[in-house]
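Beneath this line is the structure, given in C-alpha cells, with notes to follow.
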Amino acid sequence: MYRVKVTRLTNTWVREDGFVSETGKDGPWSRGLKVCVNSDRVRKKGNTPKYYYVVVRNFLFLYVHRLVAIAFCENPCVAHFKIVDHVYGDSLNNAASGLRWLNTQLNGMNQTGTKNCYFMKRSKKWRACVTVNHQRHAWGYFNSFRQAHLAAQAFKSAKFTEIYLSYISNETPTTA
C-alpha cells in the first residue's frame, strides 16, 4: 500500500506513487489534469510538447510533482534547491522515487536529450563539449558519435555530482 499525506490545500491528498485526491484521504485517486506547458514554443519551433499533471484551484495551476515532492521528498538544501526535477526525464511520472530537489543550474545540467558533441567537418571527427557555469569544457576528438557522446555524458555526470554535493552538508541515505 502507498503512503498518503495531506497537502497544504484544503481536501487535497497525495500518494507517494504520484496520484492525487481532491475529495479526501480515501480517494478517488487520479494523476491530475494533463496540460501542455510549452504550447507556444511547440507551435513556433516544432519542439516536442512537454506535459505535466496539475491540480486546478481558484484559477491556479499546481503541479502534482511539486505536491508529491513537498510531501515525500527530503530537500537537502532548502536555501538553494527550489526546483523539483524528474530524475528520469519523464515529466508524467510523479512517483516520489523519481523526484528530487535541485537548483536551476543543476536542473539545466540534467536535461535529457542533449548530445553534447559536434561533428567537425575539417577533421572529420566528433568533438565532445559540455558547458558548466557558463564555461565551455571541450576535450578530444573521437572517431564516432557514440564515443564522443559517452565521454561528454561521463564528464557531465561527474560535474553534476560534484556540484550537487557541494550544496549538501549533512548527507542522508535519501540524498545520497
Side-chain angles (χ1 to χ4, degrees), residues 2 15-19 31-32 34-54 63-70 72-77 80-176:
Y2 296 107
R15 285 192 328 207
E16 64 184 330
D17 65 344
F19 282 75
R31 292 188 178 275
K34 184 177 176 183
V35 296
C36 178
V37 296
N38 63 340
S39 57
D40 292 338
R41 288 181 59 206
V42 170
R43 278 193 294 271
K44 289 179 184 174
K45 298 181 184 177
N47 293 339
T48 305
K50 190 78 164 178
Y51 290 98
Y52 290 97
Y53 288 115
V54 297
Y63 292 108
V64 173
H65 66 274
R66 289 195 61 84
L67 296 174
V68 172
I70 289 168
F72 296 105
C73 299
E74 178 185 352
N75 189 340
C77 186
H80 293 96
F81 292 168
K82 308 283 186 198
I83 296 173
V84 178
D85 177 50
H86 291 86
V87 176
Y88 306 110
D90 181 6
S91 63
L92 295 177
N93 180 5
N94 294 324
S97 60
L99 300 174
R100 66 179 164 200
W101 291 95
L102 295 178
N103 60 15
T104 306
Q105 174 193 13
L106 291 169
N107 190 44
M109 287 179 68
N110 192 43
Q111 296 298 322
T112 56
T114 56
K115 296 178 180 70
N116 299 111
C117 55
Y118 310 93
F119 186 73
M120 306 299 285
K121 289 181 182 178
R122 189 173 279 184
S123 63
K124 293 186 171 62
K125 294 200 179 224
W126 289 89
R127 180 180 182 202
C129 188
V130 176
T131 303
V132 178
N133 291 336
H134 305 292
Q135 293 178 343
R136 191 175 201 140
H137 300 273
W139 63 99
Y141 293 89
F142 300 88
N143 292 326
S144 70
F145 166 81
R146 180 169 170 72
Q147 290 173 331
H149 178 68
L150 291 174
Q153 292 303 98
F155 175 79
K156 196 161 118 175
S157 177
K159 275 307 229 187
F160 180 93
T161 303
E162 175 188 323
I163 295 168
Y164 182 82
L165 291 177
S166 72
Y167 285 101
I168 300 172
S169 57
N170 297 324
E171 190 171 14
T172 64
T174 56
T175 60

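Positions are given from 1, in the same order as the sequence printed here. Fair warning: this is a prediction, and the values are worked out from it, not measured in the lab.
Side chain to side chain, His86 and Asn94 meet the donor-acceptor criterion of an N or O pair below 3.5 Å. Defined by atom type and a distance below 3.5 Å, a donor-acceptor pair is missing between the side-chain atoms of Lys82 and Asn103.
No side-chain donor-acceptor contact under 3.5 Å links Ser91 to the backbone of Tyr52. Panel note: side chain Trp126, backbone Cys117; no donor-acceptor pair is recorded below 3.5 Å. Thr161 contributes a side-chain N or O that, together with a main-chain N or O of Ser157, makes up a donor-acceptor pair within less than 3.5 Å. Without hydrogens or angle criteria, Asn75 side chain to Phe81 main chain gives a donor-acceptor distance under 3.5 Å.
Expressed to the nearest 0.5 Å, how far NZ of Lys124 lies from CG of Asn143 amounts to 13.5 Å. Interatomic distance, CG of Leu67 versus CG of Leu99, reported as 11.0 Å (0.5 Å rounding). Taking SG from Cys73 and CD from Glu16, the interatomic distance works out to 9.5 Å, rounded to the nearest 0.5 Å. Rounded to the nearest 0.5 angstrom, Asn107 CG and Trp101 CH2 are separated by 12.0 Å. Here the NZ-NZ distance, from Lys156 to Lys159, works out to 14.0 Å after rounding to the nearest 0.5 Å. Taken to the nearest 0.5 Å, the CZ atom of Arg127 stands 4.5 Å off from the OH atom of Tyr141.
Ring planes of Tyr167 and His80: tilted class, angle from 30 to 60°. Between Phe160 and Tyr164, the angle of the ring planes stays under 30°, which puts this pair in the parallel group of the 30/60° scheme.
Listed here is the closest heavy atom pair of Phe142 and Ala128: CE1-CB, 3.8 Å. Residues Val130 and Ala152 come closest through the heavy atom pair CG2-O, 3.7 Å. Closest non-hydrogen pair, Tyr88 versus Gly98, comes out as CE1-CA, 4.0 Å.
Residue Phe145 places its CZ atom among more than 12 non-hydrogen atoms of other residues, nucleotides or ligands, all under 6.0 Å distant.
Residues Leu92 and Lys34 form a side-chain contact, since some pair of their non-hydrogen atoms from C-beta on lies under 4.5 Å apart.
Both tests hold for Arg15 against Phe19: distance to the six-membered ring centre under 6.0 Å, angle to the ring axis within 45°.
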